[in-house]
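The structure appears below as C-alpha cells.
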Amino acid sequence: MAAAANLSLAPYHHHHHHHHSDTNHHLPLHFTTLLLLPTKKRFTISCNSAKRAAAPPPPPPPSAVAQDPKTPSLAEQLKPLSTTTLSDQPNETHLLSKPKSTWVNPTKPKPSVLSLQRHQRSASYSYNPQIKDLRQFAKKLNECTESDFSAVIQTIPHSPSRENALLVLNNLRPWQKALLFFNWLKSQDVFPMETIFYNVAMKSLRFGRQFQHIEELALEMVEKGIVLDNITYSTIITCAKRCNLFDKAVEWFERMYKTGLMPDEVTYSAVLDVYAKLGKVEEVMSLYERGRASGWKPDSIAFAVLAKMFGEAGDYDGIRYVLQEMKTLGLQPNLVVYNTLLEAMGKAGKPGLARSLFEEMVDSGIVPNEKTLTALVKIYGRARWARDALELWERMRLKGWPVDFILYNTLLSMCADLGLVDEAERLFDDMKASEKHKPDSWSYTAMLNIYGSGGSVDKAMDLFKEMSEKGVGLNVMGCTCLIQCLGRAKKIDDLVRVFQTATSAGVKTDDRLCGCLLSVVSYCKGEDSDKVLGCLELAKPELVEFVKLLSGEESNNFDFVKEEFKRILSNTAVEARRPFCNCLIDICRNRNCHERAHELLYLGTIYGLYPGLHTKTEEEWRLNVRSLSVGAAQTALEEWMGTLAKIVQRKENLPALFSANTGAGTHKFSQGLGGAFASHVEKLAAPFRESEEKAGFFIATREDLVSWVQSKAASSSSSSSAVSAV
DNA sequence: GGCGACGATA
C-alpha cells in the first residue's frame, strides 16, 4: 500500500531551468516542465520534489494568450507553445474574445470547446423495417465477384433511399464493394452525398488499408464542398496510421487544424498516438496541454496512449505524470490503462512498482485479463523474481483468471529464462491436458530452450521427435536451442540432421542460428568442424569464407581482414554481431592464431561490439568481460596486461585497485567463464585473485601489479635490455 | 426488433 501511495503522489519536477521564460511562470509546474525538457530522460524525481512543488499559481488573464494574425501551421503552433502562455481554464468569453483563434471553427457561430461534439448513435438512426432484406442484399454484394457487381446491384430489394443506402454501405466489408456501391449511389443521384456517406465508405477502405482511396475521397469532399468532420479526419488519420503513413496522418491533422475545426476526444487520442508512434514526445505533450487548456477532458484512451508512449521511452517520470493527471481529473484507470501502465513500468525497469500497481488494480475490483498477467509475468521474469512469478501463476489458477496461448507461452519462457525446469514441465503437461491450449511451436521452443541450456540432450531430442509426430513445426529459435545443445554434447551427426530437417521444412536460418553454428565450430575439430561448417555454408557462405581466411596459410594483411570483417558485420543483425566476434576469436585461439585473435578483439572494440569493456575511476580500473566468450576474455586479459605493463614502465599514474569482472555465472551462457579466466590468470602468473566478497570479481592491487610487471621484465628481458636498464 | 460513420493494451 505504501508503494501504491508512492506511485501517485509526487508531481513532476524538472531540473533544466534554462529556457524557462518569464511568460509561463504562472503555469502549473508539470505543464512547463514537459514542454521545456529535452526528449530523452528528461526527468529525475528527487525525494523532496513533492515538497518543493507548491500549488500552481492562478491562470493568466485571457488577454495574455498569444495570438497570430495568420493561421500558422500546426508544427509552428506546437513549437512556440513552450514560450507561449495558455489558459488552463478557458471559457466561452475567453474564446469569443479572440475570434481568430485557430481552434475556433469559423463555420460555426457559437464554438463550444467544452462540450465536444460526439455522435449520438441513437439519434442518427431510427428503426428500419427493411433491415433484414437489406442486410441480405449486402451479403450478396459482399460475396459476388466484382464483374457480377453491376448485375447483383440491380436486385436491390428496396429503393435506395438515404437510410437504406447507408445501411447497405455500412454492411459492405470488402473495400472494393464499398467503393463500387458508393460510386453507384453517386451515379443514381437520388439524394446528395453527405459527409456520413463518405465516412462510412472510408471506414470500409480503412479496413482494407486503402489510404490512397481514402485520400482521394477526402480531396473529392474538399473539391465538392462537403464538410469534413471529426469522424472524417479521425478515419483518415487512423487509416494513415495503420498503413504506417505517419507523415500523412500528421499532414491531415494539420489540414484539419488549419480549417479551424476543433478536435474531439477521439481525434485527440488518434493524433496523440500518431505523434507518440513517431517518437515525438514533445509534440504529444504540447498537444496534450493545448487540448487540456482548451477544455478537453482526456479520457482513458488518451491516457493509455500516453502511458504506452512513456513506457516505450522507459520514462518512469512520464508514467507518474500520467497517474498524477488521472488522479487530478478524478479518473480511475480501467483495465486497458492498467495493462498499459503495468507494461510501461516493466519497460521503465520498475518491477516493484508494477507489482504494487497490480495489487492496487486487483484491490479496486478490476479483474486482470490475459494481457495483464502476461505483462506481469514478463516483468517478474526479467527481474528474475521466480517466487513472485510462481505465486502469480498459483493465484491465476486459484482465481480462475483468464489464460491464453500468449500467457502460457510467456510463463514457459519465463521458466526457461529462470531455469525452472520442473515448473515448466508441469505447465507444459497442463497445456497438453487442456482442450484449448495444446502446446504450439512457441511452447516447444521454450521447452527446447530449457532442455538445451540445461544440457538435457536426450529430453531435447525426444521433444524434437514428438514435434514431428504431432505436426508441430520447429521454428528458428527452437532449432537454435536444439543445435546449441547437440553441439555441446558433441552429437554432430544429430546436429546436421536437425539442421537439414529444419531447413528443408522451411525454417529460415537467421544470424542467431549462424552464431550458434559458429560457436559449435569454435570448439570442434577436424571432421566435426567441417560438418558444421557445411551447415553454415548453406546459411551464410560469406562467414565460412571468412573463417577460412582467418586460418588460411597465406599471410593475409590486416587491412584485408579488417575490410572483410567489417563487410560481414554490417550484413549481420545487431544482436548477433558480438557473438560472431566472440566465436571468431575463439576459433583463432583454438587454431593458435593468437595474433589474429587480438586483431579481432581490437576490431570488435572499434566497431562498438564491446561497450564498457574498460571502465576507469580514480580508485579503480576494471576489465568487464561478462559478455565475452572464454577465448575473447583471455585475449582481453592479455591485452590489458600488456597495456598495464607499458603504463608501469612509463611510470604513469595508476589507481590503487584493478579488477576484472567475469560475472558469477548466474546467466546460463556465462557459466564457466570465471573458471576459465582463473586458469588463464594462473597461466600468465598475473597477480589477480578471486574476490571473496564479490562473486565473479578478480582483484589485484597496484603494488601486486607493479611488482609483477617488474619481475616479468627482469626475467624475460634479453641481455641487451638488461644492459640498457643498467 | 434493436442496426458498429472516429480513438487504446501482449
Side-chain angles (χ1 to χ4, degrees), chain A residues 116-135 138 163-173 178 182 193-207 214 217 228-242 249 252-253 256 261 263-274 276-277 296 298-309 311-312 322 333-347 368-379 402-411 413 442:
Chain A
L116 300 168
Q117 327 136 341
R118 236 201 138 148
H119 69 279
Q120 301 94 26
R121 230 158 239 166
S122 48
S124 48
Y125 293 105
S126 55
Y127 175 63
N128 187 334
Q130 297 160 337
I131 184 169
K132 277 228 167 80
D133 299 338
L134 292 166
R135 293 188 79 148
E163 275 64 38
N164 286 351
L166 259 183
L167 218 147
V168 173
L169 189 57
N170 223 336
N171 284 288
L172 294 177
R173 252 299 140 88
F182 186 66
M193 281 291 161
E194 301 160 35
T195 305
I196 188 170
F197 285 90
Y198 282 88
N199 291 348
V200 178
M202 282 183 183
K203 190 184 75 169
S204 225
L205 292 169
R206 187 185 58 178
F207 191 75
I214 285 198
L217 283 192
L228 284 78
D229 63 8
N230 259 296
I231 298 175
T232 322
Y233 282 111
S234 54
T235 309
I236 298 170
I237 289 164
T238 51
C239 177
K241 195 170 78 180
R242 276 185 213 179
W252 275 94
F253 183 60
M256 168 179 179
L261 177 61
D264 67 6
E265 50 267 76
V266 176
T267 312
Y268 263 126
S269 34
V271 174
L272 288 179
D273 197 33
V274 169
K277 298 234 152 85
W296 167 55
D299 60 7
S300 295
I301 297 181
F303 285 120
V305 168
L306 293 188
K308 173 96 195 276
M309 174 184 77
E312 295 293 328
V322 171
N334 65 14
L335 181 58
V336 175
V337 174
Y338 267 121
N339 289 351
T340 317
L341 284 168
L342 281 172
E343 207 183 314
M345 288 285 192
K347 291 201 173 129
N369 68 3
E370 301 90 328
K371 289 169 191 179
T372 323
L373 301 166
T374 302
L376 217 49
V377 170
K378 274 192 180 170
I379 290 168
V403 285
D404 63 1
F405 261 112
I406 298 172
L407 177 53
Y408 263 124
N409 289 338
T410 306
L411 277 164
S413 14
W442 280 55

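All values below were derived from every heavy atom in this structure, side-chain atoms included, with hydrogens, water molecules and symmetry-related copies excluded. First the proteins, then the strands, lettered A, B, ... as listed; each starts at 1.
Atom CG of L167(A) and atom P of dG2(B) are 12 Å apart (whole Å). The nearest whole Å value for the distance from the CD1 atom in I379(A) to the P atom in dT9(B) is 17 Å. Atom-to-atom, CD1 of I237(A) to C1' of dG7(B) comes out at 10 Å; the value is rounded to the nearest Å. One interatomic measurement links the two molecules: NZ of K277(A) to P of dG7(B), which rounds to 12 Å at whole-angstrom precision. Between the P atom of dG1(B) and the CD1 atom of I131(A) lies a distance of 12 Å, rounded to the nearest Å. Nucleotide dT9(B) holds its C1' atom 14 Å from the CG atom of L407(A), rounded to whole Å. When rounded to the nearest whole Å, the span between CZ of R242(A) and C1' of dG7(B) equals 9 Å. Rounded to a whole Å, the CG atom of D273(A) is 11 Å from the P atom of dG7(B).
For a distance-only test at 3.5 Å, the side chain of S234(A) qualifies as a donor-acceptor partner of the base of dC6(B). Donor-acceptor pairing under 3.5 Å, judged by distance alone, is present between the side chain of D264(A) and the base of dC6(B). At a cut-off of 3.5 angstrom, the base of dG4(B) holds at least one donor-acceptor pair with the side chain of R173(A). Taking only distance into account, the side chain of N170(A) never meets the base of dG4(B) through a donor-acceptor pair shorter than 3.5 Å.
With sequence neighbours left out, T372(A) forms a side chain to side chain donor-acceptor pair (under 3.5 Å) with N339(A), N369(A). Not counting sequence neighbours, the partners of D133(A) by the side chain to side chain donor-acceptor pair (under 3.5 Å) test are H158(A).
Contacts of N334(A) with the nucleic acid, taken as non-hydrogen atoms under 4.0 Å apart, include base atoms. Using a 4.0 Å heavy-atom distance criterion, N369(A) is classed as making no nucleic acid contact. T374(A) comes within 4.0 angstrom of no nucleic acid atom, judged by non-hydrogen atoms across all strands.
Of the side-chain N and O atoms in K241(A), one or more sit less than 4.0 angstrom from OP1 or OP2 of dA8(B). For R206(A) and dG7(B), the shortest distance from a side-chain N or O to OP1 or OP2 is below 4.0 Å. K308(A) has a side-chain polar atom (N or O) that falls below the 4.0 Å cut-off from OP1 or OP2 of dA10(B).
Pairing each heavy atom of A270(A) with each of K241(A), the nearest pair is O-NZ, 4.0 Å.
The listed nucleotides are dA8(B), dA5(B), dA10(B); the one nearest the side chain of I231(A) is dA5(B). Counting only heavy atoms from C-beta on, S269(A) has its side chain closest to dG7(B) among dA5(B), dT9(B), dG7(B). Here the side chain of V266(A) is nearest to one of dG7(B), dA5(B), dA10(B), namely dG7(B). Listed nucleotides dA10(B), dA5(B), dA8(B) differ in distance to I196(A); the shortest reach to its side chain belongs to dA5(B). Side-chain proximity of E265(A) to dA10(B), dA5(B), dG7(B): nearest is dG7(B).
Checking T232(A) against N199(A) by side-chain atom types alone, a donor-acceptor pair falls below 3.5 Å. For the residue pair S204(A)/R173(A), the side-chain donor-acceptor check at 3.5 Å is not satisfied.
Between W252(A) and Y233(A), the ring planes lie tilted relative to each other; the angle falls in the 30° to 60° range.
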